[in-house]
Novice: 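Below is one structure. I have some questions about it.
All residue numbers in this chain count up from 1 along the given sequence.
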Amino acid sequence: MRFSFVHAADLHLDTPFRGVATHGPLLERFQQSTFHALTRIVDVCLRERVTFLLLAGDLFDVKDRSVRARLALRTELSRLDRAGIQTFIVHGNHDPLSGDTGTLGLPASVKVFGPEWEDVEVRREGRRLCHVQGVSYPDVEVRENLSARFRRTGEHFSVGLLHANLGGDAGHANYAPCTAADLAAGGLDYWALGHVHTRAEHLLPGGGVAVYPGNPQGRHVHETGERGCVVVDVEDGVARRRFVPVDRVRWH
């Protein structure tokens, strides 16, 4: 059976861009850019008629999410809900579960994974398409190798949704550290990762793949080049990936 999904991470909604030496309309364009990136991710989901959207942590820039950021997320995910597209979310170090006040609810089609590993079946027209597994950070600092909790639960295509540092990337805090061998041991087909802001793919022993889509909007001069999300087309258990830029401001 064929289906597709979009994988995005590290939205950092409502980034203040305090370090940008500008003001007026240009500063406003910077400050709106993370919201525009989210809108464009949802546009991609609708245009591609995907089955679901994966958001791999750090949706918000700070633990205490702003009301504006929470409202923007609810508004955009409601667009997907009306189109019959599910969303799966894990939270990372910038937006751990401990910072969620729960005052602005999300649509029923949105699954937010909690602090314990969970496996969810995705179905279409009564038929099982795949499994999506995930776990969120309960607090800011998670030093445990969370990937060790993941495991294949059936023959269908299996996705692991995780905010983690694969291979000890020195540019990011070593939260939920793991290795390619750790991910391969889970036996999953596609690891939808977040945390590292640079787009990357890692082919795993056994045939799986671990993907960082990078952040969808560069936030400073060290995050150069196009930024976006990944569209994944699955057919006969094979995942083909396409990168789609969604950034509004691009650094060079």
Side-chain angles (χ1 to χ4, degrees), residues 1-9 45 50-59 77 80-81 84-93 95-98 100 106-139 142 144-166 175-195 202 204-213 229-239 241:
M1 183 176 292
R2 300 172 59 182
F3 66 95
S4 59
F5 60 88
V6 166
H7 169 202
C45 291
V50 302
T51 302
F52 53 87
L53 166 65
L54 302 175
L55 296 176
D58 285 0
L59 283 66
L77 297 189
L80 297 182
D81 180 68
I85 297 173
Q86 295 178 268
T87 303
F88 295 92
I89 293 172
V90 295
H91 288 286
N93 55 292
D95 60 350
L97 295 173
S98 58
D100 187 6
L106 295 173
S109 59
V110 179
K111 167 63 179 178
V112 179
F113 287 95
E116 300 297 330
W117 172 89
E118 189 176 352
D119 177 276
V120 177
E121 288 186 357
V122 179
R123 292 180 172 269
R124 183 172 64 196
E125 299 175 352
R127 299 176 64 184
R128 184 184 303 151
L129 282 183
C130 67
H131 292 259
V132 176
Q133 307 177 3
V135 61
S136 288
Y137 285 29
D139 296 299
V142 173
E144 175 192 349
N145 177 6
L146 294 177
S147 71
R149 302 188 189 184
F150 290 70
R151 59 189 181 276
R152 195 176 192 91
T153 58
E155 62 181 13
H156 290 80
F157 192 87
S158 297
V159 177
L161 184 58
L162 182 63
H163 199 77
N165 191 335
L166 170 58
Y175 296 143
C178 60
T179 65
D182 294 330
L183 300 186
L188 306 186
D189 299 291
Y190 184 96
W191 284 91
L193 302 180
H195 187 48
H202 302 268
L204 304 176
V209 62
V211 177
Y212 283 109
C229 59
V230 175
V231 178
V232 183
D233 299 304
V234 180
E235 184 173 7
D236 298 329
V238 178
R241 287 87 62 191

Novice: With the side chain counted from C-beta on, respond yes when K111 and Q86 share a heavy-atom pair under 4.5 Å apart, and no when they do not.
Specialist: no
Novice: Which heavy-atom pair separates Q133 from W117 by the least distance, and what is that distance?
Specialist: OE1-NE1, 3.1 Å
Novice: Do V90 and L55 touch side chain to side chain, with heavy atoms closer than 4.5 Å?
Specialist: no
Novice: Give, for atom CZ of F157 and atom CG of D189, the distance between the pair rounded to the nearest 0.5 Å.
Specialist: 4.5 Å
Novice: Given the rule in the side-chain contact (heavy atoms from CB on, under 4.5 Å) test, do L53 and F5 qualify, once you have shown the distances and angles that lead to the verdict?
Specialist: CA-CA 6 Å; L53 166 65; F5 60 88; over 6 Å; no
Novice: Consider only side-chain N and O atoms of H195 and Y212, and report whether a donor and an acceptor are under 3.5 Å apart.
Specialist: no
Novice: Measuring only between side-chain heavy atoms, which start at C-beta, is I89 closer than 4.5 Å to L77?
Specialist: yes
Novice: Are side-chain heavy atoms of Y190 and V232 found at a separation under 4.5 Å?
Specialist: yes
Novice: Can you check whether G154's main-chain N or O pairs, donor with acceptor, with R152's side chain at less than 3.5 Å?
Specialist: yes
Novice: So among T179, D182, N165, which one has a side chain to side chain donor-acceptor pair (under 3.5 Å) with N145?
Specialist: D182
Novice: Looking at every non-hydrogen atom in both residues, tell me the closest pair between I85 and S109 and how far apart they are.
Specialist: O-OG, 4.0 Å
Novice: Flag the pair V112 / L106 as yes when at least one side-chain heavy-atom distance between them is below 4.5 Å, and no otherwise.
Specialist: yes
Novice: A side-chain contact here means heavy atoms from C-beta on lying under 4.5 Å apart; do W191 and S147 qualify?
Specialist: yes
Novice: Ion pair present between R151 and D119, side-chain N to carboxylate O less than 4.0 angstrom?
Specialist: no
Novice: Between H156 and H131, how do the two ring planes meet: parallel, tilted or perpendicular, split at 30° and 60°?
Specialist: tilted
Novice: With a 4.5 Å heavy-atom cut-off, do V122 and F88 have their side chains touching?
Specialist: yes
Novice: Would you say L166 and L193 make side-chain contact, with heavy atoms under 4.5 Å?
Specialist: yes
